[in-house]
Amino acid sequence: MYIHSNTQNAYKSIYTVLYSHTLIDLFCLYSLFFFFFVVHGPSLSMVQISYDEDISDAEKVYQECQQSGPLSFSDCIPPARMKHCNKIGEGTFGEVFSTINESNETVALKIIPVEGSQQVNGEHQKTFGEILHEIIISKELSSLNTKEFNKTDSFIGLNNLYCVRGRYPEALLKAWDKFDRQKGSENDRPDFFDDEQLFLILEFEFGGSDLENMNGKLSSMVQAKSVLHQVTAALAVAEQALCFEHRDLHWGNILVKNIKHKHNEFILNGIVHSIETRGVHVNVIDYSLSRLEIDGLTVSCDISNDEELFMGQGDYQFEIYRLMKKENNNCWSNYNPHSNVLWLHYLADKLLSMKYKSKAQSNQQRTLKSALKSFQSEILNYPSATEALMNCKLFQ
């Protein structure tokens with residue numbers, strides 16, 4: 001991870017922070033920055049705490065979770081909630097379950113093992129220092145829903161954070177087994193953790209099903225256009241507010257849920273815009289590779305030595321990683337919003353190849369398909385999602 005400061009009156013040097021136990025810690029600088037500067041707008045992310053320079057990464061995570069130490073699973077997910085848990089997704093990071101909160105609303109729990117010595121799904125567990133990257137970015141993007149100048153609700157809302165210790169609960173293992181029987185899991189069954197294993201649990205709003213699993217479930221190209229419009233708008237807002245790059249926006253990281261309201265508003269540089277939802281709402285998720293800036297501070301993940309990431313074959317997704325690397329010269333701290341454009345090109349490709357409920361080739365469907373193809377052919381010419389949003393014919 002990198003973090004830099006351009007705010008010369010507050011900091012006289014530039015810090016480069018990598019994921020390492022031996023180098024300067026990212027979060028000390030992040031926290032020190034917010035000690036000096038006022039953060040505007042209500043946000044779960046902006047806990048204005050100054051940390052002593054010598055406290056551990058673990059203590060910083062606990063403070064972000066507003067805990068003095070790890071909880072038990074039952075403290076975090078009481079039995080009344082645990083019995084409603086269903087596995088809904090997975091990644092190399094860990095597992096995602098749905099359950100209900102105290103208000104009887106459906107929420108998603110992303111459970112990530114941390115700091116353990118055992119490999120999980122073929123990967124080393126993240127350290128507390130590494131997981132801070134995702135905490136910071138998740139909070140910043142979630143808080144865009146509360147802003148006045150650049151505002152969007154298309155990044156998944158983060159409700160709570162917890163750090164827990166213990167074996168995987170039996171109810172979650174049963175939910176894992178059910179998912180494996182019905183859909184097949186590529187992950188290791190998480191039954192090998194001992195009593196001392198630590199986990200970070202991020203509680204998000206329930207964002208719907210990922211776009212990959214919506215293949216054949218969207219009504220028509222009309223909804224496909226709305227999905228593309230909403231994702232482009234979200235990226236544009238985040239570019240303007242935070243110099244944001246997602247860097248991993250494959251169709252598994254775009255959630256779609258059915259809604260009743262007809263329009264979705266966002267604010268870009270102080271101007272209110274409206275998108276026709278066509279009955280669907282988009283939530284962008286998973287910022288493990290993402291990059292953003294907070295008033296001169298840059299938070300990003302250094303993947304320059306992740307050779308395996310750039311060797312994937314079989315899907316356009318893997319070519320996008322290589323194109324990003326080529327464009328930024330394998331320097332992942334720099335801001336290159338064209339990476340967002342690359343992912344929009346990928347998304348257009350997926351939407352054009354997806355199946356839809358409506359098979360009738362009406363004039364509207366043919367016109368929209370042609371418009372999406374035109375978007376696909378022109379999108380790479382724009383330097384950013386912002387420019388694409390404001391100038392592509394599809395969105396005018």
Side-chain angles (χ1 to χ4, degrees), residues 19 21 57-58 61 70-77 81-99 107-135 138 156 161-204 206-207 209-210 212-213 248 250-253 255 285-289 301 303 305-315 317-318 321:
Y19 282 149
H21 292 295
D57 290 335
V61 170
L71 304 173
S72 68
F73 269 100
S74 59
D75 288 332
C76 174
I77 316 172
R81 297 180 64 191
M82 186 72 76
K83 67 181 183 181
H84 291 285
C85 283
N86 292 293
K87 180 175 171 178
I88 58 173
E90 64 181 26
T92 54
F93 60 82
E95 314 293 336
V96 182
F97 298 87
S98 67
T99 187
V107 295
L109 303 176
K110 183 175 182 178
I111 303 180
I112 307 171
V114 294
E115 290 287 340
S117 58
Q118 292 177 297
Q119 287 198 353
V120 179
N121 307 319
E123 301 285 343
H124 293 292
Q125 294 182 35
K126 288 189 176 184
T127 65
F128 278 125
E130 291 169 343
I131 207 67
L132 285 170
H133 169 272
E134 183 158 1
I135 292 173
S138 295
I156 197 72
L161 289 168
Y162 308 96
C163 185
V164 304
R165 178 169 56 200
R167 296 179 183 273
Y168 233 75
E170 190 63 31
L172 295 186
L173 290 174
K174 289 181 178 179
W176 193 97
D177 291 337
K178 182 178 179 181
F179 180 94
D180 188 38
R181 288 194 303 271
Q182 294 179 346
K183 298 185 177 181
S185 174
E186 297 181 2
N187 282 3
D188 302 327
R189 189 175 190 266
D191 57 1
F192 53 88
F193 298 111
D194 61 25
D195 293 332
E196 297 304 310
Q197 177 65 50
L198 295 167
F199 299 87
L200 184 75
I201 301 180
L202 297 97
E203 180 186 301
F204 294 101
F206 182 75
S209 298
D210 65 68
E212 182 176 7
N213 283 309
D248 197 22
H250 56 78
W251 62 346
N253 286 336
L255 302 183
I285 63 169
D286 196 345
Y287 317 120
S288 56
L289 302 186
C301 183
I303 54 175
N305 295 317
D306 191 349
E307 296 180 4
E308 186 176 350
L309 179 67
F310 303 108
M311 294 174 63
Q313 300 291 334
D315 191 272
Q317 168 187 347
F318 304 113
Y321 300 131

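For this chain, numbers begin at 1 and follow the sequence in order.
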SB check [X] [Y] (cutoff 4.0 Å):
| X | Y | answer |
| --- | --- | --- |
| Arg189 | Asp177 | yes |
| Glu115 | Lys126 | no |
| Lys183 | Glu90 | no |

Evaluate the side-chain proximity of [Y] to [X]: yes if any heavy-atom separation is below 4.5 Å, no if none is.
| X | Y | answer |
| --- | --- | --- |
| Leu172 | Met82 | yes |
| Arg167 | Phe193 | no |
| Ile303 | Phe310 | yes |
| Val164 | Leu198 | no |
| Leu255 | Phe204 | no |
| Ile77 | Pro169 | no |
| Thr99 | Leu109 | yes |
| Gln118 | Gln125 | yes |

For this session: Assess whether side chain to side chain contact (heavy atoms under 4.5 Å, CB included) is satisfied between Asp57 and Ile131, documenting all intermediate values.
Result: CA-CA 9 Å; Asp57 290 335; Ile131 207 67; over 6 Å; no

If you round to the nearest 0.5 Å, how far is [atom2] of [Y] from [atom1] of [X]?
| X | Y | atom1 | atom2 | answer |
| --- | --- | --- | --- | --- |
| Lys83 | Arg81 | NZ | CZ | 13.0 Å |
| Asn86 | Ser98 | CG | OG | 4.5 Å |
| Phe97 | Ile201 | CZ | CD1 | 9.5 Å |
| Ser138 | Leu161 | OG | CG | 8.0 Å |
| Cys85 | Lys174 | SG | NZ | 13.0 Å |
| Ile111 | Leu202 | CD1 | CG | 10.0 Å |

For this session: Could you give me the CA-CA distance, side-chain angles and deciding distance for Glu95 and Trp176, then say whether side chain to side chain contact (heavy atoms under 4.5 Å, CB included) is met?
Result: CA-CA 9 Å; Glu95 314 293 336; Trp176 193 97; 3.2 Å; yes

Considering all heavy atoms, the nearest [X]-[Y] contact:
| X | Y | value |
| --- | --- | --- |
| Phe206 | Ile88 | CE1-CD1, 4.0 Å |
| His133 | Ser288 | CE1-O, 3.4 Å |
| Gly166 | Phe73 | O-CE1, 3.9 Å |
| Thr92 | Asn121 | O-ND2, 3.3 Å |
| Gly94 | Pro113 | CA-CD, 4.4 Å |
| Val61 | Phe128 | CG2-CD2, 3.5 Å |

Exercise. Looking at residues at least two apart in the chain, or sitting in another chain, which of them share a side chain to side chain donor-acceptor pair (under 3.5 Å) with Asn305?
Worked result: none

Seminar exercise, completed: Sorted by chain and residue number, the side chain to side chain donor-acceptor pair (under 3.5 Å) partners of Asn253 (sequence neighbours excluded) come out as His250

Exercise. Going by atom types only, do Tyr321 and Asp306 share a side-chain donor-acceptor pair under 3.5 Å?
Worked result: no

Exercise. In terms of side-chain heavy atoms, does Ser185 have a donor or acceptor partner in Asn187 at a distance below 3.5 Å?
Worked result: no

Exercise. Is it true that a side-chain atom of Asp188 and a backbone atom of Val120 form a donor plus acceptor pair closer than 3.5 Å?
Worked result: no

Exercise. For the rings on Phe199 and Tyr162, is their centre-to-centre separation under 6.0 Å?
Worked result: no

Exercise. Is there a side chain to side chain contact (heavy atoms under 4.5 Å, CB included) between Tyr168 and Asp191 once you walk through the steps?
Worked result: CA-CA 6 Å; Tyr168 233 75; Asp191 57 1; over 6 Å; no

For this session: Kindly indicate whether a cation-pi arrangement holds for Lys110 with Phe93, taking the cut-offs as under 6.0 Å to the six-membered ring centre and within 45° of the axis.
Result: yes

